[in-house]
Undergrad: 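Just dropping this structure here.
The first residue in the sequence is number 1, and the count goes up from there. Note that this is a predicted model, so its numbers are computed, not measured.
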Amino acid sequence: ADFPTEKMSAGRGLRCCVLLLVIVCAVYAADPRDDSKESKVPGPLSKKKMGIRKYIEDKGLTVKDAPAALLIYETLSMTFMVSTLSLFLLIKPTQNGLMRPLRNILGSDAPDADGSFLGGIVQGASEKFTHLQLRAKDKFAGLSRILKIDALELATAYAECACFRILIKPLLVPIKLFIVWKTLLAWKQMGKR
């Protein structure tokens with residue numbers, strides 16, 4: 001089947017660049033050559049490289065575990081995204097009024113007359129949600145036909161899911177990193193047996 005080629009989104013391009021940078025840094029840090037032998041005084045880059053290597057090794061990992069760590073991390077990210085999207089397709093928070101308590105706590109959707117901070121947050125979040133919903137509707141048209149789900153319903157669930165994931169990112173990223181670390185340690189232990 002022919003798949004339409006689309007431009008890579010800015011977010012996906014940035015993520016690929018960051019992953020590439022992490023891999024290059026990991027390979028550089030894993031390089032067994034010692035740069036300090038070239039001069040008698042190790043440079044600041046050598047010190048940082050050794051510091052990173054020591055920190056990773058203190059946690060029970062090596063820099064060579066980076067590709068597996070990235071694979072596990074991305075798998076967790078995709079699993080969480082698909083799970084939350086499925087959940088939001090089922091519970092439909094904006095249609096079922098689950099967002100009203102949050103609006104009541106933060107204030108109305110319209111900015112306050114005095115330009116207060118909370119009114120701006122609610123308005124900004126509402127605008128971001130609408131923007132995500134409209135972008136997703138166009139992108140999910142083909143998928144909605146396959147899944148036999150209304151494109152707007154799928155786009156709304158995606159926008160809700162994206163906003164939710166943005167809100168919990170400060171908690172989610174450390175949790176995923178912890179899971180990756182423990183998974184790699186368990187994997188290494190199974191390999192030793």
Side-chain angles (χ1 to χ4, degrees), residues 1-30 52 55-56 59-96 98-99 102 125 127-191:
D2 293 327
F3 294 103
T5 56
E6 295 182 27
K7 284 184 180 178
M8 185 182 291
S9 70
R12 184 176 291 165
L14 179 63
R15 185 178 229 173
C16 288
C17 289
V18 167
L19 287 176
L20 181 62
L21 181 63
V22 167
I23 290 171
V24 168
C25 289
V27 168
Y28 179 74
I52 292 170
Y55 178 79
I56 291 172
K59 299 296 179 191
L61 302 174
T62 64
V63 179
K64 293 178 182 177
D65 295 324
L70 288 172
L71 181 67
I72 294 167
Y73 185 87
E74 288 301 317
T75 302
L76 283 171
S77 296
M78 291 301 294
T79 303
F80 185 74
M81 186 191 73
V82 169
S83 301
T84 53
L85 181 60
S86 301
L87 179 68
F88 281 92
L89 270 169
L90 291 174
I91 63 173
K92 301 174 184 158
T94 53
Q95 289 178 355
N96 292 327
L98 297 175
M99 298 303 287
L102 182 62
E127 289 171 3
K128 179 77 172 169
F129 178 79
T130 303
H131 175 72
L132 284 170
Q133 188 179 26
L134 292 175
R135 281 188 57 208
K137 182 180 178 188
D138 294 336
K139 298 213 183 247
F140 288 132
L143 183 61
S144 68
R145 282 192 299 271
I146 293 169
L147 297 175
K148 296 182 171 93
I149 299 172
D150 180 46
L152 184 60
E153 187 177 321
L154 186 59
T156 302
Y158 176 77
E160 293 166 346
C161 171
C163 289
F164 175 72
R165 286 184 294 122
I166 288 168
L167 285 173
I168 67 165
K169 191 177 276 191
L171 296 173
L172 190 60
V173 170
I175 290 170
K176 288 193 291 187
L177 289 173
F178 180 77
I179 292 170
V180 167
W181 174 52
K182 289 297 188 180
T183 302
L184 284 172
L185 288 179
W187 188 12
K188 285 181 145 193
Q189 288 297 326
M190 286 178 26

Undergrad: What distance separates T156 OG1 from L152 CG, expressed to the nearest 0.5 Å?
TA: 4.0 Å
Undergrad: Distance check, rounded to the nearest 0.5 Å: T79 atom OG1 versus E74 atom CD?
TA: 10.5 Å
Undergrad: Can you tell me how far the CG atom of L143 sits from the OH atom of Y158, to the nearest 0.5 Å?
TA: 12.0 Å
Undergrad: Roughly how far apart are I146 CD1 and K148 NZ, rounded to 0.5 Å?
TA: 9.5 Å
Undergrad: Under 3.5 Å, side-chain donor or acceptor atoms of residues 166-189 against the rest of the protein: list the pairs with distances, not counting sequence neighbours.
TA:
{"residue": "K176", "atom": "NZ", "partner": "S77", "partner atom": "OG", "Å": "2.8"}
{"residue": "W181", "atom": "NE1", "partner": "K59", "partner atom": "O", "Å": "2.7"}
{"residue": "T183", "atom": "OG1", "partner": "I179", "partner atom": "O", "Å": "2.6"}
{"residue": "K188", "atom": "NZ", "partner": "G60", "partner atom": "O", "Å": "3.4"}
{"residue": "K188", "atom": "NZ", "partner": "D65", "partner atom": "OD2", "Å": "3.0"}

